[in-house]
Amino acid sequence: LATAMSLGIAPSTVYPAPGSWTVPGCGGDCTISNYDGAGRGRIDLREAMRASVNTVFARLALDVGVDRTVAMGRALGLERLDPNRSYGVSLALGAAETSPLEMASAYGTFANRGVRVAPTGILRVVDRDGNVLIDNTQPRGTVVLDPVVADNMTDVLRGVVEAGTGKSAQLHD
């Protein structure tokens, strides 16, 4: 979705949401299905994200380009994505290997308005004389995404937790 929004595709863009979708031009078994197998007619990308509609995001990955999607993932911090490997549209559904740390870093880039800060496990190292050997307390970030796109992603993802498939992750007072 971040790739699409960076190309000017709005969260309000409407897509067909069949229960299953066969990837055009695929030589094998390339059918993507929604978790519950149900179709949802035509829905906008915001609602598709809230409801985790696989067929919409597989089609969106095809439309924006899987290579662009890989490049976006790498920019956000998904470093295990190989830019020289050929991925299919299932990449948009989480079919590539990653780690919880990489995912947290990528989502953190949205919350940080498009600035990626590489995760670090050690903030500061001081020797026994009090000399600072390593100081990562002021991390430097890199702008990898337009702040407007990052803000829109944060807003769309908020809907997943507030009223969608991620509702069980909601924080309570």
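Every value quoted in this text rests on a predicted model; they were computed, and no experiment measured them. All residue numbers in this chain count up from 1 along the given sequence.
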**Prompt:** So, the side chain of Thr13 versus the backbone of Ile9: is there a donor-acceptor pair under 3.5 Å, distance only?
**Reply:** no

**Prompt:** So if you build clusters from Ile, Leu, Val, Met, Phe, Trp, Tyr with side-chain heavy-atom gaps below 4.5 Å, do Leu145 and Val148 land together?
**Reply:** no

**Prompt:** Does Met153 share a hydrophobic cluster with Val143, counting links as ILVMFWY side-chain heavy atoms below 4.5 Å and allowing steps through other members?
**Reply:** no

**Asked** Do you know the tightest heavy-atom contact between Ala17 and Val53?
**Response** CB-CG1, 3.9 Å

**Asked** Is there a path of hydrophobic side-chain contacts, each under 4.5 Å between heavy atoms of I, L, V, M, F, W or Y residues, that connects Phe57 with Leu7?
**Response** yes

**Closest contact, heavy atoms only, Val56 versus Pro16** = CG2-O, 3.5 Å

**Spatial distance of atom CG (Asp67) from atom OG (Ser86) [nearest 0.5 Å]** = 7.5 Å

**Message:** Test of understanding: with side chain to side chain donor-acceptor pair (under 3.5 Å), list the residues that count as partners of Ser99, not counting sequence neighbours.
**Reply:** none

**Asked** Which pair of heavy atoms, one from Asp44 and one from Glu47, lies closest together, and at what distance?
**Response** OD1-N, 2.7 Å

**Item:** Check against side-chain contact (heavy atoms from CB on, under 4.5 Å), Val144 and Leu76
**Value:** CA-CA 7 Å; Val144 298; Leu76 293 171; 4.3 Å; yes

**Request:** Quick one: list whatever passes side chain to side chain donor-acceptor pair (under 3.5 Å) with Thr98, sequence neighbours left out.
**Result:** Glu102

**Message:** Quick check: closest heavy atoms across Ala61 and Ala92, and the distance to 0.1 Å?
**Reply:** CB-CB, 3.8 Å

**Message:** My understanding is that only one of Val23, Thr55, Thr22 makes a side chain to side chain contact (heavy atoms under 4.5 Å, CB included) with Thr31; could you say which?
**Reply:** Thr22

**Val115 side chain near Thr142 side chain, heavy-atom distance below 4.5 Å** = no

**Item:** Flag, side chain of Asp129 to backbone of Asn131, donor-acceptor distance under 3.5 Å
**Value:** no

**Message:** Once rounded to the nearest 0.5 Å, what's the spacing between atom CG of Leu93 and atom CG of Asn54?
**Reply:** 4.5 Å

**Request:** State whether a side-chain donor-acceptor pair under 3.5 Å links Ser20 with Ser33.
**Result:** no

**Request:** Calculate, to the nearest 0.5 Å, the distance between atoms CD and CG belonging to Glu97 and Leu78 respectively.
**Result:** 12.0 Å

**Prompt:** Do Arg140 side-chain atoms and Gln138 backbone N/O form a donor-acceptor pair below 3.5 Å?
**Reply:** no

**Message:** For a 4.5 angstrom cut-off between non-hydrogen side-chain atoms, does Thr69 reach Val64?
**Reply:** yes

**Asked** Does a side-chain heavy-atom distance below 4.5 Å link Val117 with Asn112?
**Response** yes

**Request:** State, with a plain yes or no, whether a side-chain heavy atom of Asn136 is found less than 4.5 Å away from one of Arg124.
**Result:** no

**Asked** Taking Arg158 as the fixed residue, which of Val161, Val156, Asp155 is the one that meets the side chain to side chain contact (heavy atoms under 4.5 Å, CB included) rule?
**Response** Asp155

**Partner residues of Arg113 under the side chain to side chain donor-acceptor pair (under 3.5 Å) criterion, sequence neighbours left out** = Asp151

**Asn34 versus Pro18, closest heavy-atom pair with distance** = ND2-O, 2.9 Å

**Under-4.0 Å salt bridge between Arg116 and Glu79** = yes

**Asked** What closest approach, in Å, do Pro83 and Val70 show between heavy atoms, and which atom pair accounts for it?
**Response** CA-CG1, 4.2 Å

**Asked** Side chains of Val89 and Arg59: does their closest heavy-atom pair fall under 4.5 Å?
**Response** no

**Prompt:** In terms of heavy-atom contacts, does OH of Tyr87 have more than 12 from other residues, nucleotides or ligands at under 6.0 Å?
**Reply:** yes

**Message:** Test of understanding: clusters of I, L, V, M, F, W, Y form through side-chain heavy atoms closer than 4.5 Å, transitively. Do Leu1 and Tyr35 belong to the same one?
**Reply:** no

**Prompt:** Is the closest side-chain donor-acceptor distance between Tyr15 and Asp63 under 3.5 Å?
**Reply:** yes

**Asked** If we only count heavy atoms from C-beta on, is the Arg50 to Thr165 side-chain gap below 4.5 Å?
**Response** no

**Request:** Report, as yes or no, whether the 6.0 Å neighbourhood of atom CZ on Arg80 holds more than 12 heavy atoms from other residues, nucleotides or ligands.
**Result:** yes

**Note, Ser12 side chain near Arg46 side chain (heavy atom, < 4.5 Å)** = no

**Prompt:** Got a donor-acceptor contact below 3.5 angstrom from the Ser105 side chain to the Leu101 backbone?
**Reply:** no

**Message:** Measuring only between side-chain heavy atoms, which start at C-beta, is Phe110 closer than 4.5 Å to Asn152?
**Reply:** no

**Asked** Under 6.0 Å from the CG atom of Leu133, do we count more than 12 heavy atoms belonging to anything else shown?
**Response** yes

